[in-house]
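Proteins come first, then strands; the chains are lettered A, B, ... in the order of their sequence lines, and each starts at number 1.
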Amino acid sequence: MIDVRLLRSDLESVRARMTRRGKPDLLAQIDDAVALDARLRSLAVERDDLRRRVNDLSKQVGQLRREGRAADADAAMADSRRLGDEEKSLAATTAETEEQLRQVLLRIPNLISDEAPDGNSDADNPVVRVHGFDPSSIADHQRVPHWETGVALGILDNERAAKISGAMFSMLRGAGATMSRALCQLALDRNADAFEEIRPPTLVTSATLTSTGQLPKFADDAYSIERDDLWCIPTAEVPLTSISAGEILDEAELPRRFMAYSPCYRRESGSAGRDTRGLLRGHEFDKVEILAYAAPEQGRALLDEFVARAAGTIEALGLPYRVVAICAGDLGQSHHLSFDIEVFAPGADRWLEVSSVSWFSDYQARRADIRFRRAGQKGTEHVHTLNGSALAVPRVLAAILEYYRQPDGSVLVPEALRPYMRGITVIGPR
RNA sequence: GGAAGGAUGCCCGAGUGGCCGAAGGGACACGCCUCGAAAGCGUGCGAGGUUCUUGCCUCCGUGGGUUCAAAUCCCACUCCUUCCGCCA
């Protein structure tokens, strides 16, 4: 949620920054918010004044009673009752306006960073840097899509996954399942120096899903369990962000860092049939997420650190990758500034997004009400939140099955994964 | 799933209709004292909104209700604890 006060103090700058997202109807939403806010404030002033008078009269009633002036007390009581009725109807109007404003505000996206490049869609995202990518070094035996290799080696069985759960679910077997787990282990171990490991719940309440920005706007993208009013998390970002919801932290404990392995559930409602072969996109996948609560001034540097950590793990796996800056028009609703890491998959012959690292400024913290107190100062501020995939398993696994494929059709296990592979160094046909 | 008890400020804890935004203690901060510290003493110490300051409004798990007036009474819900049942 953006700060309403910004709409009052610096409306033009808000409008200018929203314009960069390239969504014309946003400006109308902002106008709605401004109007509702103005209305709310005048209503609140009026309501508070009535309350003050009711409170005063009520106190007088008690006072007069104690002094034995029953007639005066009755008169004050009558006055108070009359004002109270007025207050009640005004309070109802105010509450209604408040809720309207909240609903509008929940749908207004975050202010984007000046640093985010211009652009309308992912096609405009500039490549920031490329590592280890040399198309001329890629041999024919690597140009086999992982869904073929995976089936040939008996480690990927999407047919049976579909039998069990329907389309867009996948099942790994044998060394494939082991490698999936190994990738999680690797990502967790590489970040254990700075992050507390969490095993969060993966079913969450509506309030939790609202804090990170998935609700109310993107309800169709998440699985819901209506009978119990719970939602399946689309990413561990959701529970991790809400760990300190409603809490006030000390400046000294910032940045506060968490990491978590979790399954992630996505309905992928808009993308059925697109890029769904093999392990490219599924309703359920494993991911290791890293996240931090930070003081505002720590945000930018942490974003770089998160990108470096995610890229470092890909590098340790020996995979070619590039870092892409997300342009203004492609930035998600909650995002302030984001970078994606993409791995080149020679068999699928394309770059796969394997990590998205984002800085949310105070947008999520305001929704989740996560604040901190600066040492020696009165009052509180909202923290900034950042998060990123330390490693998204299926796509990295896909890239490995292609990049590490050998002329005889087997797949070499990357050096970095071997400690977690029970001695398997090569995945051959069964 | 059934039964009972509970939820108050950073923590503990008092408060059963008005004088309670909330006693008392602890923790914390500052000052005094001290060579320094501990102990002692004094002062301060929740959050949000609105406001030039003063002030005013809101918040005692959440949401409703009763009342001139609610932390306090009523209803519903959530969570915690204990017991029973069930269960990986």
Side-chain angles (χ1 to χ4, degrees), chain A residues 1-9 33-105 199-211 215 225-231 239 242-254 256 263 293 362 365-383:
Chain A
M1 207 144 49
I2 62 169
D3 188 351
V4 225
R5 281 169 296 193
L6 265 181
L7 296 178
R8 320 206 280 241
S9 64
V34 169
L36 283 167
D37 177 53
R39 176 143 181 264
L40 176 61
R41 275 190 301 160
S42 78
L43 283 169
V45 166
E46 230 180 295
R47 178 201 57 191
D48 287 354
D49 187 59
L50 271 173
R51 281 183 176 168
R52 197 204 78 231
R53 290 156 68 188
V54 171
N55 289 345
D56 282 351
L57 284 166
S58 296
K59 276 189 187 136
Q60 282 174 34
V61 172
Q63 184 75 31
L64 294 168
R65 280 268 169 79
R66 254 170 277 125
E67 293 168 8
R69 297 160 60 186
D72 291 340
D74 286 347
M77 219 146 94
D79 281 352
S80 182
R81 193 180 298 133
R82 188 174 43 74
L83 285 175
D85 290 343
E86 252 181 84
E87 189 273 341
K88 210 165 261 181
S89 88
L90 194 56
T93 314
T94 310
E96 210 174 288
T97 308
E98 212 167 340
E99 182 54 24
Q100 284 169 11
L101 175 61
R102 191 181 121 81
Q103 285 307 321
V104 171
L105 245 25
R199 169 53 245 227
T202 56
L203 301 182
V204 300
T205 62
S206 298
T208 299
L209 206 63
T210 303
S211 292
L215 292 180
I225 299 163
E226 286 178 26
R227 189 162 65 154
D228 296 301
D229 190 30
L230 289 169
W231 301 76
S242 285
I243 284 179
S244 290
E247 297 179 10
I248 298 171
L249 308 172
D250 285 331
E251 183 181 18
E253 51 185 329
L254 299 178
R256 199 138 183 237
Y293 303 149
D362 60 0
R366 184 165 278 113
R367 286 170 165 246
D369 191 26
I370 307 166
R371 289 169 288 162
F372 77 103
R373 201 189 313 271
R374 292 200 188 266
Q377 279 188 33
K378 251 193 117 59
T380 55
E381 292 175 49
H382 286 97
V383 301

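- Phosphate proximity of rG49(B) to R5(A): present, with a side-chain N or O under 4.0 Å from OP1 or OP2.
- The 12-atom threshold is not exceeded at CZ of R102(A), counting heavy atoms of other residues, nucleotides or ligands nearer than 6.0 Å.
- Note on N55(A): a side-chain N or O is less than 4.0 Å away from OP1 or OP2 of rU58(B).
- Straight-line distance between the P atoms of rG5(B) and rC60(B): roughly 23 Å, to the nearest whole Å.
- Rounded to whole Å, the separation between the C1' atoms of rA27(B) and rG9(B) comes to 13 Å.
- Distances shown here put a side-chain N or O of R373(A) below 4.0 Å from the OP1 or OP2 atom of rA47(B).
- To the nearest angstrom, P of rC57(B) lies 13 Å from CG of L83(A).
- There is a side-chain donor-acceptor pair under 3.5 Å between T208(A) and T205(A).
- Nucleotides rU58(B) and rG64(B) are separated by 15 Å at their P atoms, to the nearest Å.
- As the counterpart of rU66(B), no nucleotide is assigned, since no Watson-Crick or G-U wobble pattern has both distances under 3.5 Å.
- Put simply, CD on E247(A) is 15 Å from C1' on rC11(B), counting in whole angstrom units.
- Among the nucleotides rC56(B), rU66(B), rG18(B), the one closest to any side-chain atom of R66(A) is rG18(B).
- Taking atom C1' on both rA38(B) and rC33(B), the two are 12 Å apart, rounded to the nearest angstrom.
- Across rC57(B), rG18(B), rA69(B), the shortest atom-to-atom separation from the side chain of V54(A) is found for rA69(B).
- Separation of atoms CG (L209(A)) and CZ (R367(A)) is listed at 10.0 Å; rounding is to 0.5 Å.
- Rounded to whole Å, the distance from CG on L249(A) to P on rA47(B) is 14 Å.
- Atom CG of D228(A) and atom P of rC77(B) are 16 Å apart (whole Å).
- In this structure, M77(A) and I248(A) both approach RNA chain B, and ranking their closest nucleotides by distance from the 5' end singles out I248(A).
- Across all strands shown, nothing is found opposite rC52(B) as a Watson-Crick or G-U wobble partner with both distances under 3.5 Å.
- What separates CD of E67(A) from P of rG18(B) is a distance of 17 Å, to the nearest Å.
- Put simply, the side chain of R65(A) and the base of rG18(B) share a donor and an acceptor less than 3.5 Å apart.
- With both ends at atom C1', the span from rU82(B) to rA88(B) equals 23 Å, rounded to whole Å.
- A 3.5 Å limit on both hydrogen-bonding distances identifies rG2(B) as the Watson-Crick or G-U partner of rC83(B).
- Rounded to whole Å, the separation between the P atoms of rC75(B) and rU66(B) comes to 15 Å.
- Here the P atom of nucleotide rC19(B) and the CD atom of Q60(A) are 14 Å apart, to the nearest Å.
- The residue among R371(A) and Q63(A) whose nearest nucleotide of RNA chain B lies closer to the 5′ end is Q63(A).
- At rG48(B), one or more side-chain N or O atoms of T380(A) fall inside 4.0 Å of OP1 or OP2 (strictly under the cut-off).
- Nucleotide rA29(B) forms a pair with rU43(B), judged by Watson-Crick or G-U wobble geometry with both contacts under 3.5 Å.
- Pair assignment for rA7(B) gives rU78(B), based on Watson-Crick or G-U wobble hydrogen-bonding distances that are each under 3.5 Å.
- Results of the salt bridge (Lys or Arg N to Asp or Glu O under 4.0 Å) test with R51(A) over E87(A), E46(A), E86(A) single out E87(A) as the only residue that passes.
- No side-chain heavy atom of L230(A) sits less than 4.5 Å from a side-chain heavy atom of V204(A).
- Following rounding to the nearest Å, R47(A) (CZ) and rC59(B) (C1') show an atom-to-atom distance of 12 Å.
- Of the P atoms belonging to rG61(B) and rA7(B), the separation is 8 Å, rounded to the nearest Å.
- Across the C1' atoms, rC32(B) and rU43(B) are found 11 Å apart, a figure rounded to whole Å.
- Atom CG of L50(A) is separated from atom CG of L90(A) by 6.0 Å, given to the nearest 0.5 angstrom.
- Side chain of V61(A), nearest nucleotide from rG18(B), rA69(B), rC57(B): rG18(B).
- The CZ-C1' distance, from R51(A) to rG21(B), rounds to 16 Å in whole Å.
- Salt bridge status for K59(A) with D56(A): absent, with no side-chain N to carboxylate O gap under 4.0 Å.
- Taking the side chain of S58(A) as heavy atoms from C-beta on, and the options rU66(B), rG18(B), rC57(B), the nearest nucleotide is rG18(B).
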